[in-house]
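Single-structure report; data block below.
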Amino acid sequence: MRRTKAATPGSRREIELVIERLGGGGDGVGTAEDHRIYVPYAAPGDRVRARLGRPDGQVWRGEFVELVEAGPNHRDPPCPHFGPCGGCQVQHLAAPVYTEWKRGLLVNALSRQGIEGEVGALVETPPRSRRRASLAARRGGSGVFLGFNEAGSSRIIDLTDCVVLRPEITALLPPLRAVLAGILPQNGGADLTVTLLEDGIDLVVVADNKLDLAMRERLAEFAVAQDLARLSWRGADGFNDPVAHRRSGMIRFDGIPVTIPPGGFLQASAEGEAALTGLVRDGVGAAKKIADLFCGAGTFALPLAGGAQVTAIDGEAAAIDALATAAGRGGRGERIAAQRRDLFRQPLTAVELKGFDAVVFDPPRAGARDQAEALAASAVPLVVAVSCNPSSLARDARILVDGGYRLERATPVDQFLWSTHLEAVAVFRR
Ligand SMILES: C[S@@+](CC[C@H](N)C(=O)[O-])C[C@H]1O[C@@H](n2cnc3c(N)ncnc32)[C@H](O)[C@@H]1O
C-alpha cells in the first residue's frame, strides 16, 4: 500500500496523495490512513491535493484541488471545459491507460456476473465525431447559457467548444444561443436534441413556454439562416410542432435513405454505427431468419435484410413507420416485417421466437431483462446483444448463460469518448 503525507480523512480537510489505480467511474483511487480516497480528474501515478468529502464506509470522496505532480499516465485534457463540464470524465488519461480502463468497464461488468468469454480490443472512434447531443439552455441575467450540465449539478456549462461533438454542431451554438435569447423567458430553460443527419441538422427544442407567432418567425428565420434540415418545438403538451421542415431529415443505412423522425434515435457517431453494424453482421453470420428487437429506424435491420429475412420490432411507432417506408423504397420491403410492440411489457415469447436463426437485440440503457428471459427459454441458436450499458448487458448475459448460451465474444466500442459510457456487442451461442 502506497502511503502519502500522514493524513486522517476528515470532512473538508485537504490532503496530498498518490493515485494508485482507476475506479469504474473514472476517478483516481489512492490511499490515506488506510482509507480509499476517490479523486476525480486524477490518473494513476499522479500526486494530487484533494479536499475530503463525505465518508462512505472505508471509501472517501475527494474533491480535486490541485495536480501537484503529473504521473506518466496524465495528459493535458484537450477541452477548455474539462472538469466542470459533466460531458467528459476522463480526458486527462493518456492513451494506454484510457484504453485499458474503458475496455475494463466491460471486462469487469462481465466478470462481476461470473460470465466467461473473450473480450476483444476496444474499437475506437475519433474526437469530434459525435453527431447527436442532448443539450440544455437557460436564460439568465447575462444571457443564455447553452451546453451540457455541470457534473452532478443542474448548472449549465456555457460551451464555447467541444472536442467530442461534430464541428457542425459546435458551430451552431453561438447563433442558437442568440436566437434562444429572444425566445426563452427570463430564467426560462429548454432541453435541446441536436442531430446531424446527411441533409443537415435536426433540432428539437423542448420548453414549457408557449410559442407565439413572433417567436415562431424568429425560429423559422434561424432555421433558414443556419440551413437546418428541420426545427421542431415540443411544448408542455409533448406535441412535436414542426416550426421548419426544410429537408426530410435523412440518413442512409446500407445505402438506403431513411427519414429519421424529429429527435429520433440514432447511434452517437457514424464511426460507431459502422463498427456496431460490422460486429452485428459478423455476429449473425449466415443466419437467414433474424429478429431485430429494439430495431429503431433500422440501423441493423436494413443492412441485415440484404441477406436475410428480418422481423424488426420497436416500441416507437415513428421509428417503425420510418423503417417500413425506407425498406419499401429501398427494395427491401419483402425482406423486412416491421412491427410496433412494447417489448418491456410484451417481450417476444419462446414460442414466438421459434424458427429464428438469430436474434439481435439493442435495448435502452436499462437492458431487456424480460426479453433475455424469454430468449433463455427459447431454442434460438444465436443471440447478438448490442448495449450502451455494460452493467445491464452483463445482467442480461447472466440470464442467457443460465439458459444455456455461452458468450462467444464481446467487443467494446468507444462511441462515447472520454465518458464513463461504453457501447458493446456480445455474441452468444447455444
Ligand atoms: C439503443 S436504441 C437502439 C435502436 C436501433 N437498434 C439502432 O441502433 O438505431 C433502443 C431502442 O429501443 C426502443 N425502445 C425503448 N423502449 C422500448 C420498449 N418498451 N419496447 C420496444 N422498444 C423500445 C427505442 O425506441 C429505441 O429505438
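Side chains included, hydrogens not; waters and symmetry mates left out as well; all remaining heavy atoms used. All values reported here derive from a predicted model rather than from experimental measurement. Both counts, for ligands and for their atoms, begin at 1 and track the order of listing.
Salt bridge D227/R246: present, at least one basic N to carboxylate O contact under 4.0 Å. Under the 4.0 Å criterion applied to side-chain N and carboxylate O atoms, R234 and D191 are not assigned as salt-bridge partners. In this structure, E118 does not pair ionically with R409, as no charged nitrogen and carboxylate oxygen lie closer than 4.0 Å.
Going from atom CZ of R281 over to atom CG of L304 covers 7.0 Å, rounded to the nearest 0.5 Å.
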Distances only, to 0.1 Å: what are the N or O pairs between ligand 1 and the protein that fall under 3.5 Å?
residue, atom, partner, partner atom, Å
ligand 1, 6 (N), F294, O, 2.9
ligand 1, 6 (N), D362, OD2, 2.9
ligand 1, 8 (O), Q267, NE2, 2.7
ligand 1, 8 (O), T299, OG1, 3.4
ligand 1, 8 (O), D362, OD2, 3.2
ligand 1, 9 (O), T299, OG1, 2.6
ligand 1, 19 (N), D342, OD1, 2.9
ligand 1, 20 (N), L343, N, 2.8
ligand 1, 22 (N), G315, N, 2.9
ligand 1, 25 (O), D314, OD1, 2.7
ligand 1, 27 (O), D314, OD2, 2.7

Determine all donor-acceptor pairs shorter than 3.5 Å in which one atom belongs to a side chain in residues 154-165; sequence neighbours excluded.
residue, atom, partner, partner atom, Å
R155, NE, E150, OE1, 3.4
R155, NE, E150, OE2, 3.3
R155, NH2, E150, OE1, 3.1
D158, OD1, L146, N, 2.8
D158, OD1, R177, NE, 3.0
D158, OD1, R177, NH2, 3.2
T160, OG1, H81, NE2, 3.0
D161, OD1, R128, NH1, 3.0
D161, OD2, R128, NH2, 3.0

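Counting non-hydrogen atoms of other residues, nucleotides and ligands closer than 6.0 Å to CG of D237 gives a total above 12.
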